[in-house]
2 protein chains.
Amino acid sequence: MKETTRQKLIDATFEEVYSHGYQGAALADILKNAGVHKGSMYHYFGSKKEMALVAIQERISTRNFEKYSKILALESGYLRALLTAMKDTKQRDFKRGCPIANIAQEMSNLDEDFNKTMKLLYEEFRRYIKNILDKAVEAKEMQACDTKKMALFITAALEGAILSAKATGNAQDYIDSVEILEEYLRAFSNN
Amino acid sequence: MKETTRQKLIDATFEEVYSHGYQGAALADILKNAGVHKGSMYHYFGSKKEMALVAIQERISTRNFEKYSKILALESGYLRALLTAMKDTKQRDFKRGCPIANIAQEMSNLDEDFNKTMKLLYEEFRRYIKNILDKAVEAKEMQACDTKKMALFITAALEGAILSAKATGNAQDYIDSVEILEEYLRAFSNN
DNA sequence: ATGCTACTTGACCAAATAGTCAAGTAGCAA
DNA sequence: TTGCTACTTGACTATTTGGTCAAGTAGCAT
C-alpha cells in the first residue's frame, strides 16, 4: 500500500517534533525526511503549526487506542494487564520520553491551540486508565475506590517515571518507580 | 545593592528560558529584558548556550537549597515538613511547571552539555529528598525503607503531578495527586 | 596626567527560518 | 481530444536567528 504525500508528511512531522520539540522542529528537515517539496506541503496544510497539531493528534490518539483499548476489551485480568503494560519497557523510548508529556510541557503555556490539543490528549490518556480501573472494580479484581483520582495519580507517576529515566539517562529509574507504583496498586487488589 | 550586568543577564535568561524553553528563548528578548547590549553579553558569556547553562545551574541550585536545606536543618518533624513543602502550592507556577523538568525534557536528548547539567540538577533534587527521608528514618518518624528508591518515586510523582496540572490547566490535579502520594507516605510513618 | 584594563555600544553578517507563488504536470471526466 | 482539477516543483522573500567586531568610555592604579 502506497503512502500518500499527506501521510508521509504526518509521519515525518511527528518524528521531527518528537525528537526536537515543536520549536526545534525545522520545516526543512521534515520536508527532506518526507521527501516532499515545500509547496506540496502547503497544499495539504496551512502552516507548520497546523501540520504539527494534526500529526500529534493523529499519531498519539492512535497509539493510545492501540495500547489501551485491547485491555478494555478483555474479559478479566484488567489490573494485571495494566500493570503488564506499564512494566513493558520494550516499546518505550527513554531517550525521547513520552510524546504527550514532551509537547504538553513545551507548548501548553505558549500557544492556545497546542494547549487545547495536549489537554485533550492528556485527558484521553487519563480516561483510558480510569476506564480500565473501573472495569477492574466492576470485575471485583480491585476494591472500590476513587478511580478518577487514582487514574490521575497513575498517569502522573508514569509520566514522572519516564521523565526520571530521560533526565538521568537510566532506564532503571523508570523500572524502580513503576515497581513502587505497582506495590501501591497491589494494596487495592483483591488477589 | 546594585545588580551587576552579569546578574541581570542571568536573571533575564532564566526567566526567558523558563517561559519559552531553551530553543524558544530569543537572545534579543533576553537582552531587551535585561537592558544589556549584545556585545556586553558576549563579554561575559561565550554563547547563548553557555549563558543559559550558567543561569539554569545557578538559579535552580539556589532554589533547591533554599527549599530543602532548611528542612534538613530541623531537629525533628522531617516527614511532616516535607509533606508541608510538597503541599504548598503558593510558590508553584503551574502555568510554567517545573524548571528542571521543562529543560530536562526539552534538551536531554538534544545536547550533551544540557544533558549533563540537567542530570546533575535532577540528581541533586532527588538527593535532597533522600536525605530528608534518611533523617526521618533516623529520627524514628518513619519505618526503615529503601529511601533511595522512595526518593526516586517521590520526585517522579511530584514532577508528574506538576505536569498534570500544566497540561490540563487545573491546579487541583496537582493537589489531588499529591494527596495520594501523601497517603502512600503516611503508611510508612510512625505517627 | 597617563595608561591600562574592564566593560559597553551598536552596526554589521551569514545562516536559517516559515511562508509565497507562478509555472508546471498528471490524471481523470466529458 | 479537450479541459478541468488536484497536485508538484523549486525559486524567491522577508524576517529572525545567534554571533562578530571595531570603536568607544569609565574607572582605577601609577
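Quick note: numbers below take in every heavy atom, side chains included, and nothing from hydrogens, waters or symmetry partners. Everything quoted here is computed from the prediction, not taken from an experiment.
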With sequence neighbours left out, the residues meeting side chain to side chain donor-acceptor pair (under 3.5 Å) with B:Thr168 are B:Asp173
Do B:Arg80 and B:Glu141 meet the salt-bridge criterion of a basic N to acidic O distance under 4.0 Å? no
Its contact letters, B for base, S for sugar-phosphate only and - for none at protein heavy atoms under 4.0 Å, make nucleotides 9-25 of chain C read BB------SBBBB----
Quickly work out the B:Phe45 CZ to D:dT20 C1' distance and round it to whole Å. 18 Å
Electrostatic pair B:Lys8-B:Asp11, nearest N-O below 4.0 angstrom: no
Please report, rounded to the nearest Å, how far the P atom of D:dT17 is from the NZ atom of B:Lys32. 10 Å
Using a strict threshold of under 4.0 Å (side-chain N to carboxylate O), is an ion pair present between A:Lys130 and A:Glu123? no
Does A:Lys119 count as lying over the ring of A:Phe114, i.e. NZ or CZ under 6.0 Å from the six-ring centre, within 45 degrees of the axis? no
